[in-house]
Number of protein chains: 2
Amino acid sequence: MDTENKLCNKVEECYHIMGKKWMGLIVHTLMEEPKRFSEIHAFIPDLSKRVLNERMKELEDNGIVLRNVIADRPVRTEYSLTKKGTELGRSLKALEAWADKWL
Amino acid sequence: MDTENKLCNKVEECYHIMGKKWMGLIVHTLMEEPKRFSEIHAFIPDLSKRVLNERMKELEDNGIVLRNVIADRPVRTEYSLTKKGTELGRSLKALEAWADKWL
DNA sequence: TTACTAGGTAACTTTATGTAACCATAATAA
DNA sequence: TTATTATGGTTACATAAAGTTACCTAGTAA
């Protein structure tokens, strides 16, 4: 009987969220400044609008991103990181530093 | 013209690797000590053998994991993190700390 | 009139992942 | 003898996730 034979729920959950395609890049992209839908899409052109929209909803549901709809015409939507999201982005910098060294 | 209008290849690549399902949990699981195929599977039961095997090959191809086949019967396979993999695991601890605080 | 913009949505195709069965070999159990 | 178990896979098939294309709304520009 090992004392460390089960994964922590929180660890599992964070990898479940961040293990989805494009999630990391989207959060990374929002780190500098809030961006609109089309701006995120311009930064990550291989990510389709359909999935980008799905990911943004997931990030909003997780309290990582805030969606601000600007009632202009055409309607604009601005996405910004919450405090939770900003801290997530900061934690991802360690991974990016690893990438810079090893990839 | 913005100076920061393109994603760095290394950043893209690391999210491409780590953005695959189960990758993070597998690396996490190997952090404590090397493990055999069936041990990893026991830690992450929802991960199928088919995909676990696929992920291990990818990790080996990326130089993150070392596969050691022990010619015993039945044949055993032990997976351990390389230096590159160990440093990856360390960088993921920041993400796990975020999870512990926010999830 | 036609085209363009922004931020989507709907229908459909392709890729990734999940599931169940199977393999080889040797040791062990019935 | 005839199963059964263990290990680390592989194979074929089913389902879920992601990619593609066309379309929507309303206002503006050509």
Side-chain angles (χ1 to χ4, degrees), chain A residues 2 5 7 12-30 33-62 64-81, chain B residues 2 5 7 12-30 33-62 64-81:
Chain A
D2 199 335
N5 57 352
L7 286 165
E12 285 189 283
E13 194 184 343
C14 86
Y15 288 121
H16 186 244
I17 297 169
M18 298 310 295
K20 302 195 113 174
K21 203 165 178 183
W22 306 116
M23 273 300 197
L25 274 183
I26 292 170
V27 173
H28 169 89
T29 297
L30 289 173
E33 56 192 352
K35 286 190 173 57
R36 286 181 294 116
F37 187 89
S38 54
E39 291 177 310
I40 303 172
H41 189 239
F43 268 77
I44 317 173
D46 288 345
L47 163 57
S48 69
K49 291 198 294 175
R50 198 185 65 73
V51 172
L52 174 53
N53 190 50
E54 194 173 299
R55 285 299 104 89
M56 296 320 290
K57 280 179 186 161
E58 291 162 359
L59 288 169
E60 197 189 5
D61 289 346
N62 279 305
I64 291 167
V65 147
L66 218 136
R67 165 183 276 147
N68 181 27
V69 178
I70 300 155
D72 203 353
R73 256 138 303 159
V75 175
R76 293 153 183 283
T77 314
E78 196 180 63
Y79 294 95
S80 54
L81 292 175
Chain B
D2 199 334
N5 57 351
L7 285 166
E12 284 188 283
E13 194 184 344
C14 85
Y15 287 121
H16 186 244
I17 297 169
M18 298 309 296
K20 303 195 113 175
K21 202 165 177 182
W22 306 116
M23 272 300 198
L25 274 183
I26 293 170
V27 173
H28 170 89
T29 298
L30 289 172
E33 56 192 350
K35 286 190 174 58
R36 286 182 295 115
F37 187 89
S38 54
E39 290 176 311
I40 303 171
H41 189 238
F43 267 77
I44 317 173
D46 289 344
L47 162 57
S48 68
K49 291 198 294 175
R50 198 185 66 71
V51 173
L52 174 53
N53 190 49
E54 193 174 301
R55 286 297 104 88
M56 296 320 289
K57 280 178 189 164
E58 292 163 358
L59 288 169
E60 198 189 5
D61 290 346
N62 279 304
I64 291 167
V65 147
L66 218 136
R67 166 183 275 146
N68 181 28
V69 179
I70 300 155
D72 203 355
R73 259 139 299 160
V75 175
R76 291 151 185 285
T77 314
E78 197 181 62
Y79 295 94
S80 54
L81 292 175

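Residue numbers begin at 1 in each chain, while the letters A, B, ... track the order of the sequences.
- Closest to the side chain of B/Ser48, out of D/dA18, C/dT17, C/dT19, is C/dT19.
- We find the NE2-NZ distance between A/His41 and A/Lys35 to be 15.0 Å, quoted to the nearest 0.5 Å.
- The distance from atom CD1 of A/Ile26 to atom CE of A/Met18, rounded to the nearest 0.5 Å, is 9.0 Å.
- A straight line from CG of B/Leu52 to C1' of C/dT19 spans 15 Å, rounded to a whole angstrom.
- Along DNA chain D, the nucleotide nearest B/Lys49 and the nucleotide nearest A/Arg55 are compared for position; the residue whose nucleotide lies closer to the 5' end is B/Lys49.
- Of the candidate nucleotides C/dT17, D/dT7, C/dG7, C/dT17 has the atom nearest to the side chain of B/Glu54.
- Counting only heavy atoms from C-beta outward, the side chains of A/Tyr79 and A/Leu66 never approach each other to under 4.5 Å.
- Out of C/dG7, D/dT10, C/dA6, the shortest distance to the side chain of A/Pro74 is found at C/dA6.
- Rounded to an integer number of Å, the gap from B/Leu47 CG to C/dA16 P is 17 Å.
- The shortest distance between the side-chain N/O atoms of B/Arg36 and the OP1/OP2 oxygens of D/dA6 is not below 4.0 Å.
- Set against D/dA18, C/dA6, D/dG8, the side chain of A/Lys21 has D/dA18 as its closest nucleotide.
- Atom C1' of nucleotide D/dG19 and atom NZ of A/Lys20 are separated by 16 Å, given to the nearest angstrom.
- Counting distance only, with no hydrogens placed and no angle test, the side-chain atoms of A/Arg50 and the base atoms of C/dT9 include no donor-acceptor pair under 3.5 Å.
- Of the side-chain N and O atoms in B/Lys57, one or more sit less than 4.0 angstrom from OP1 or OP2 of D/dT10.
- Rounded to whole Å, atom C1' of C/dT17 lies 13 Å from atom CG of B/Asp46.
- Distance CH2 (B/Trp22) to C1' (C/dT17): 10 Å, rounded to an integer number of Å.
- Residue B/Ile40 contributes atom CD1, which lies 9 Å from atom P of D/dG8 at whole-angstrom precision.
- Relative to the side chain of A/Thr77, the nucleotides C/dG18, C/dG7, D/dG8 differ in distance, and C/dG7 lies closest.
- When the P atom of C/dG7 is taken as reference, atom CD of A/Glu78 falls 10 Å away, rounded to whole Å.
- Between B/Tyr79 and D/dT7, a side-chain N or O to OP1/OP2 separation shorter than 4.0 Å is absent.
- In this model, the phosphate group of C/dA6 is not approached by any side-chain N or O of A/Lys35 to a distance below 4.0 Å at OP1 or OP2.
- A salt bridge links A/Arg67 with A/Glu60; the closest basic N to acidic carboxylate O contact falls under 4.0 Å.
- For the pair A/Met56 CE and C/dG8 P, the computed distance is 9 Å after rounding to whole Å.
- With C/dT9, C/dA6, D/dT10 as the candidates, the nucleotide lying closest to the side chain of B/Asn53 is D/dT10.
- Closest non-hydrogen pair, B/Lys49 versus B/Phe37, comes out as O-CZ, 3.7 Å.
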